[in-house]
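All chains are named by letter (A, B, ...) in the order of the sequence lines, taking the proteins before the strands, and each is independently numbered beginning at 1. Quantities reported herein were computed from a predicted structural model and do not represent experimental measurements.
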Amino acid sequence: MQWKTADYAGWGRALRAKGRIARPERVSALKDALAEGGPAIGNRRSYGDGALNDGGAATEMKRMDRLLAFAPETGVIEVEAGATIGALLKLLAPQGWMPAVMPGTGLATIGGCIANDVHGKNHHGAGSFGQHVLAVTLMTPAGPREVSPASDPALFRATMGGQGQTGAILSARLQLMAIPGQRMKVLETRMRDFDSFIAALDASKAEFAVGWIDATAKRKRLGRGILEEGTLVEGTRPGPERKPKPVPFDAPQALLSWPVVKIFNRWYGSGVPDSGRKRTRALDEFFFPLDALSGWNRLYGKRGFHQFQCVVPADRAPALKEILNTIARGGVASPLAVLKRMGPGRAGHLSFPMDGYTLAVDLPARARVPALYARLEDQVIAAGGRIYLAKDALARPESMAAMYPELEAWRAEVAKADPAGRLATDLVRRLKLRSA
Amino acid sequence: MAETWIVLGASSSMARALVRRLAARGDGLILAGRDLGDLERDAADARVRGAAFAETIRFDARDLACVASILARAGACEGTVSAAVFVGSMPPQAEIDADPGLIEGVVTDSFTGPARVLQGLAPIIEARGAGTVIGVGSVAGDRGRIGNYVYGAAKAAFATYLSGLRNRLGRAGGHVLTVKPGFTDTAMTWGIEGMFLVASPDKVATDILSALEKQRNVIYTPFFWMGIMGIIRLIPERVFKKLSV
Ligand SMILES: Cc1cc2nc3c(=O)[nH]c(=O)nc-3n(C[C@H](O)[C@H](O)[C@H](O)COP(=O)(O)OP(=O)(O)OC[C@H]3O[C@@H](n4cnc5c(N)ncnc54)[C@H](O)[C@@H]3O)c2cc1C
């Protein structure tokens with residue numbers, strides 16, 4: 001197995017690691033790479049250190065991306081874990097299927113979607129990614145082993161949202177979702193403030209819904225933004241295939257987050273009338289808006305950025321308003337934040353979702369951000385909520401037990417699957433997930 | 001009748017990228033290589049992507065016994081039979097310097113092994129009056145360099161062979177495309193220092209397919225390698241021998 005010594009980072013580029021990376025293309029090479037220890041990693045779309053192993057080895061799964069079986073009658077697909085969500089969507093949509101849950105980037109791999117039990121814009125109805133996983137095949141020292149909710153419920157549960165700690169996922173069998181066509185009918189409505197936003201999210205009947213919030217707006221305007229509601233409709237792809245534009249260099253500070261500002265202004269400033277605006281969009285444009293600019297994380301400059309994402313229970317919306325208030329007064333947030341309604345669906349011990357509201361905000365890596373993050377973290381715990389590990393770079397280990405009440409059950413399963421701790425990542429060590 | 005492709009070295013990432021495109025147009029695929037268990041997964045992938053059929057067959061450039069069974073399988077295919085060759089091996093030059101016995105292996109993997117298959121395929125293509133051979137060489141074959149001249153020599157021999165095969169098959173309705181990739185991001189080059197202008201296997205596959213449509217004879221991919229190698233070829237030997245490019 002060939003190794004490459006690399007300096008690599010999470011999507012936020014604020015946390016970095018140095019270590020050896022293998023990128024196997026075949027099962028035998030994968031086996032050799034894993035024998036050296038270290039976690040399997042995907043496309044490093046996690047913002048913090050979830051996909052890092054400083055000073056150790058890691059096995060990049062991107063080239064293990066083959067489709068192993070597909071039944072067009074039932075919509076069950078078996079696919080290697082390095083395949084991306086976007087590649088699946090592109091291939092399957094013309095045949096009337098799509099992944100039932102898709103995160104906000106098409107560049108996340110299936111392995112990454114499982115290991116963070118990701119959610120999409122339909123979480124309130126469809127639940128989390130892991131709820132549509134019928135089985136996974138884990139690479140164990142004894143060889144590949146298929147794990148399903150029936151064959152081994154505890155190990156399956158520890159694997160969904162399990163940060164890769166139960167073993168490298170070689171492949172997964174997924175139940176896809178039938179779609180009527182390749183178009184999304186989108187209704188955009190302007191939201192005056194936080195309370196009306198929450199009310200609109202509660203009242204929404206749409207299968208897909210996402211709120212874009214201006215995280216810099218304060219006082220009476222706190223929480224203003226645009227609510228986007230999507231309905232799948234018939235028809236072929238509207239418009240040509242997108243060609244992502246690259247960001248060729250690290251932006252200087254002054255340029256900080258301009259695309260985000262621009263996108264926001266387009267939606268908010270450029271007059272979505274009070275009566276709302278209707279548009280028809282291609283599926284990838286709706287689900288992965290930021291993928292239009294590949295490597296947009298470089299726009300935050302060399303120091304990188306963090307994302308804070310939390311969820312609070314449905315009856316604690318006022319607490320979320322206070323959290324947003326803390327962010328707005330903190331004065332460092334990028335103007336584009338995301339607010340979503342979540343349902344109760346979750347597939348693993350460490351899954352993020354809970355029945356409630358989730359808020360995600362980008363914070364450029366600056367000296368005062370850790371203190372701000374710590375305040376937010378306290379507010380989240382007080383509200384009975386939790387922080388999303390896929391985005392986290394700054395949380396404290398002491399917070400984990402409160403946020404993730406099933407942590408002990410997860411630990412017990414992981415200790416069985418990987419007793420020597422060979423799969424630990426920087427995130428697992430930083431948050432002491434595997435040890436009290 | 002769809003075209004059937006015999007792909008030698010089918011588990012390389014360049015081959016995989018091309019196979020996916022051929023599958024999407026509904027061609028039939030016979031994937032040949034050493035790791036049959038893993039090739040089965042590539043065959044499954046090709047079927048899901050729309051291949052008329054996809055199966056695997058053993059090919060080891062160093063084992064002549066494989067050649068006969070591949071040719072028998074080719075002969076049994078209906079319609080047009082084509083081939084794409086992605087095999088080759090590139091041990092570090094220093095290892096070859098330490099053990100010159102490695103030379104035969106490099107030449108067999110990169111030239112004589114695949115040539116045995118193509119030589120047997122040629123009459124089939126001639127008899128059917130159709131068929132394409134895609135031979136993947138390397139820019140390393142354009143000039144012997146201190147860093148990998150045994151590999152380069154084998155690839156040069158393969159390129160010369162392809163040129164002759166083109167001359168032959170062109171008279172009978174066949175076509176030969178020689179592909180010279182520059183640095184490509186594959187398992188072979190992963191972790192090797194000093195690479196620049198590295199192309200993805202996808203880019204190489206896209207270039208191959210468009211060259212096929214245009215019936216090109218020889219392509220560099222990405223195209224700018226034609227310019228780079230043009231310059232490198234122009235350097236007089238008395239200067240070149242002092243360079244380590
Ligand atoms: C623009 C953007 C938008 C996003 N939107 C959303 C969203 O809407 N909802 C949401 O839930 N998330 C979202 N995310 C987060 C993203 O979906 C997750 O971080 C996801 O895990 C990334 O997948 P990846 O392949 O890049 O995995 P990585 O970041 O590389 O790895 C993540 C974890 O998965 C593990 N892992 C990866 N592959 C394997 C494998 N084969 N076997 C075992 N373990 C493995 C790693 O060890 C690590 O613990 C977004 C991220 C970005 C950049």
Requested in this report: Please flag which part of B:R20 lies under 4.5 Å from any non-hydrogen atom of chain A: side chain, backbone, both or neither.
Outcome: side chain
Query raised in the report: Does the pair B:R16/B:D45 count as a salt bridge with the N-to-O cut at 4.0 Å?
Result: no
Query raised in the report: For the side-chain hydrogen bond (donor to acceptor under 3.5 Å, both in side chains) test, which of A:D152, A:T140, A:T137 pairs with A:R145?
Result: A:D152
**Report entry** salt bridge (Lys or Arg N to Asp or Glu O under 4.0 Å) partner of A:D284, the single match among A:K243, A:R237, A:K90
**Finding:** A:R237
Requested in this report: Please look at A:E78 and chain B and tell me whether the side chain, the backbone, both or neither of the residue comes under 4.5 angstrom of a heavy atom of that chain.
Outcome: neither
Query - Greater than 12 external heavy atoms within 6.0 Å of B:E193's CD - result: no
Query raised in the report: Out of A:D65, A:L91, A:V79, which one racks up the most heavy-atom pairs below 4.5 Å with chain B?
Result: A:D65
Report task. Name the option with the most non-hydrogen atom pairs under 4.5 Å to chain A; the candidates are B:M188, B:R47, B:R49. Result -> B:R49
Report task. May I ask you to name which of B:V48, B:D35, B:T186, B:I192 has the most heavy-atom pairs under 4.5 Å with chain A? Result -> B:V48
Report summary line: When every non-hydrogen atom of B:D202 is compared with those of B:A17, the smallest separation belongs to OD1-CB, 3.7 Å
